[in-house]
Structures are given as structure tokens and as C-alpha cells.
Asker: 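First, the structure itself, so that you have it in front of you.
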Amino acid sequence: MQEPVLRVQNVSKRFGGVHAVKNCSLEVNAGSITGLIGPNGAGKTTLFNLITGFHRPDSGHVFLQGEDITGLEPHEIFRKRLFRTFQIARDYREMTVLENLLIIPEQQIGEKIWNVWFRGKSIREQERANVRKALQTLEFIELQDKKDLPAKYLSGGEKKLLEIGRMMMVDLGMVLLDEPGAGVPPLMQNRILDHIRRLSREQSLTLFIVEHDMDIIMNICQTIIVMSDGSKLAEGTPREIRSDERVIEAYLGTPGSPGTTSSPEGQS
Ligand SMILES: Nc1ncnc2c1ncn2[C@@H]1O[C@H](COP(=O)(O)OP(=O)(O)O)[C@@H](O)[C@H]1O
Ligand SMILES: [Mg+2]
């Protein structure tokens, strides 16, 4: 069997008295779209933070392509081609849409990678190549008409598209998406999902997605991991998860179940 891209091994994290993640182990396979679901407070966001270096686990290990990345800083993990998006899309409000894409290679990719990439090319050539790539990216996410608009004028959904555009500006291996559908009207949701699917297909990205909208998760993911009470409760195909007794039970007492379209996660 192929080594999974991401392997979380017995990871735990406490916040004071709250045991947010408990001895959690899971794997994400290369090139897959894997969903992470679970009731509100199950520890999904904390797990994302532990994987991407925003929190340090109390115990356990995180492996990326077989390499132990536990405890590395977020920018070090980014250099290893793991990227994350946030529940609330981040953007540079005063900069134009195009500038929001151009800032990514310089700011986020490490100096070293940057130099290796462009060794031997003049600054001017580098800039031209970046602009060309940014314009292609804007075409892909269909925001080319808004390229000169300050990012603050984009809708919530367009900002999420811009976030997808940002992840296209660098050569990534894996992306963690935190609720790509949250706060986005259904039509725009479909657009975002199409782009996510295309990225997975055309750039063979590995995607790991937290999303409370069951329609989205069931529609887009090949594998779904269910978290409950800080650890992995179940894993399977959308069909298996929908009929899994333990999963249905974990959602009892919260509005909605994995088989319905309503949110099990409330407003978090
Ligand atoms: N920074 C933090 N400080 C204190 N408690 C936290 C923090 N982050 C998360 N928690 C707690 O950890 C538990 C898991 O939260 P979270 O990972 O956000 O769950 P989910 O994303 O599945 O809803 C919750 O009880 C939450 O209140
Ligand atoms: Mg959360």
C-alpha cells in the first residue's frame, strides 16, 4: 500500500480542563478528497490547527509524506507544500484582487524555495511569470473581470474563490479546507465545489475538508472521517457513513443527522 500523504498518530490536545483532541489517529491518502465531519465541539478545528502548526500537540505525532512535522511552525509546514484555508476567508482588503494573488509567492513560499524556483531568471522575468500565472488563475476562478477591484468589495463567496486562487499560485501537495461552503449562497457553493473538484483532478492535490453541510460532504468526498469527542469514530464512503449506527448516534441530541441537509454544527 502507498504511504498516506497525511498520518495523524495518537495526537492529543488539552485546553485547561477541555480535552479537545484525544489520542486521535487518522490517515489521508494521496490524491483523495477526504471529508472530516462531526458534531460541534468534536475537535475538528483543533485537529486542523494541530496538523498545520497553529497549535502544538501535547502528545502524538503528525507525519506528512512520511516525515515527522510535529511541532513545526506554520510557515515551515507551508514550505512542505501543506496549505490551509480558514473558516472566514482571509484577504488583503485594500489590495486589488490581482495583487492578492501576487503577494502569495513572495510572502508565503519560503525564501529557499523561491530562489530554487527562479534561479537564473531575472527579477523582471519572475514578475512577468507571476502576473501571467495570476491572470490564468483568475480566469480559472472566473474573477478576471474583478482583477482591479479592491478585495474588500468581493462577496463572501468570491473571497472563498480568491482563497482557492491563492492556493493555485503555489505548488502544493495538500490543502486543508475549513468549511469552504460556510456563509456562501448555494449557486456560489456549486461554483466553489466545481473548482475544488477540478483542482483535485487537474493538479492531483490531496484535499482534506471540514464541512458541516452534509450535501457538500456527501457530494464531493470519496472518504469521510467522523470525529466525535476528540477522536476518530468512523471512516468510510459517503454511503457507509450515512448508514453507520455509531455516526447516527453521535449526532443524536444535535439538530440534524448525517443523512439530512441541516447543520449538525450550529453556528460555530
Ligand atoms: N483555543 C481554545 N481554548 C480553549 N478551548 C478550546 C480552544 N479551541 C477549542 N477549544 C475547545 O475544544 C473543543 C473542540 O473544539 P473545536 O476543535 O473547535 O471543535 P469543532 O471544530 O469540531 O467544532 C471544544 O470544547 C472547544 O470549546
Ligand atoms: Mg470548528
Side-chain angles (χ1 to χ4, degrees), residues 6 8-28 33-62 69-74 77 82-90 156 159-160 163 174-184 189 192 196 207-218 220-221 223-236 238 241 244 246-268:
L6 177 74
V8 172
Q9 197 178 64
N10 302 321
V11 163
S12 295
K13 180 71 182 176
R14 272 179 193 277
F15 298 108
V18 180
H19 210 160
V21 173
K22 280 183 213 162
N23 214 25
C24 182
S25 298
L26 54 85
E27 293 179 354
V28 175
I33 305 182
T34 302
L36 181 64
I37 62 169
N40 191 18
K44 304 179 297 296
T45 298
T46 305
L47 185 71
F48 264 26
N49 286 332
L50 291 170
I51 294 167
T52 49
F54 288 85
H55 292 321
R56 189 180 280 262
D58 298 333
S59 58
H61 291 271
V62 179
I69 60 162
T70 320
L72 293 187
E73 296 292 326
I77 293 175
L82 176 69
F83 185 76
R84 73 169 295 181
T85 68
F86 291 86
Q87 204 162 322
I88 310 281
R90 295 182 166 186
K159 283 180 185 171
K160 296 225 164 184
E163 223 171 29
M174 177 167 190
V175 178
L176 273 56
L177 293 149
D178 205 346
E179 305 213 9
V184 178
Q189 265 183 13
I192 292 172
I196 291 174
L207 295 158
F208 194 26
I209 305 179
V210 167
E211 178 56 68
H212 70 250
D213 185 314
M214 284 305 151
D215 277 349
I216 292 182
I217 280 286
M218 295 286 167
I220 199 173
C221 298
T223 303
I224 297 174
I225 294 173
V226 186
M227 242 182 125
S228 172
D229 211 11
S231 40
K232 185 171 101 174
L233 175 76
E235 177 175 347
I241 291 302
D244 190 313
R246 292 166 306 170
V247 177
I248 294 163
E249 204 173 305
Y251 277 87
L252 282 180
T254 59
S257 78
T260 72
T261 53
S262 60
S263 159
E265 200 165 359
Q267 292 307 307
S268 74

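Indexing begins at 1, ligand by ligand and atom by atom, following the structure's order. Nothing here was measured: the structure is a model prediction, and the numbers come from that model.
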Asker: Which residues pass the side-chain contact (heavy atoms from CB on, under 4.5 Å) test with Ile217, sequence neighbours left out?
Answerer: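 Residues passing side-chain contact (heavy atoms from CB on, under 4.5 Å) with Ile217: Ile37, Glu211, Cys221, Ile224.
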Asker: For ligand 1, find out whether one of its N or O atoms is nearer than 3.5 Å to an N or O atom of Ala42.
Answerer: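 Yes; at least one N/O pair falls below 3.5 Å.
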Asker: Taking Thr52 for the side chain and Pro74 for the main chain, is one N or O donor matched with an acceptor at less than 3.5 Å?
Answerer: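 Pair absent, no side-chain N/O of Thr52 close to backbone of Pro74.
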Asker: Return yes when at least one N/O/S atom of Thr45 is nearer than 2.8 Å to the Mg ion (ligand 2), and no when none is.
Answerer: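 Yes - counting backbone and side chain alike, Thr45 has an N, O or S atom under 2.8 Å.
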Asker: Using distance alone, decide if ligand 1 has a nitrogen or oxygen within less than 3.5 Å of any nitrogen or oxygen in Phe15.
Answerer: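 No, Phe15 has no N/O under 3.5 Å of an N/O on ligand 1.
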Asker: So is there a nitrogen or oxygen of Gly43 less than 3.5 Å from a nitrogen or oxygen in ligand 1?
Answerer: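 Looking only at distances, the answer is yes, because the N/O contact criterion of under 3.5 Å is met.
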Asker: May I ask you to check whether Lys44 has an N/O atom sitting below 3.5 Å from an N/O atom of ligand 1?
Answerer: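 Yes - when backbone and side-chain N and O of Lys44 are compared with those of ligand 1, one distance drops under 3.5 Å.
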Asker: Using a heavy-atom cut-off of under 4.0 Å, does the side chain or the backbone of Thr46 touch ligand 1, or both, or neither?
Answerer: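 Looking at Thr46 and ligand 1, atoms from backbone and side chain both fall under 4.0 Å.
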Asker: Fit a plane to each ring of Phe208 and Phe48, take the angle between them on a 0 to 90° scale, and name the class: parallel (under 30°), tilted (30 to 60°) or perpendicular (over 60°).
Answerer: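 It falls in the tilted class, 30° to 60°.
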Asker: Taking 4.0 angstrom as the limit and counting only heavy atoms of Asn40, give me the atoms of ligand 1 inside it, by number and element.
Answerer: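 Per the distance check, 23 (O).
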Asker: Short question: side chain of Arg84, backbone of Leu176 - any donor-acceptor pair under 3.5 Å?
Answerer: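 It does not hold such a pair.
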Asker: Could you tell me if the side chain of Glu235 sits less than 4.5 Å from the side chain of Leu26, heavy atoms only?
Answerer: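 Not touching, per the 4.5 Å side-chain cut-off.
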Asker: Would you indicate which of Gly17, Ala20, Ser228 comes nearest to atom 13 (C) of ligand 1 when only heavy atoms are counted?
Answerer: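 Comparing heavy atoms across Gly17, Ala20, Ser228, the nearest one to atom 13 (C) of ligand 1 lies in Ala20.
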Asker: Less than 3.5 Å apart, any donor N or O on the side chain of Asn23 or Ser12 sitting next to an acceptor on the other?
Answerer: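 No, because no side-chain N or O of Asn23 sits under 3.5 Å from a partner of the opposite role on Ser12.
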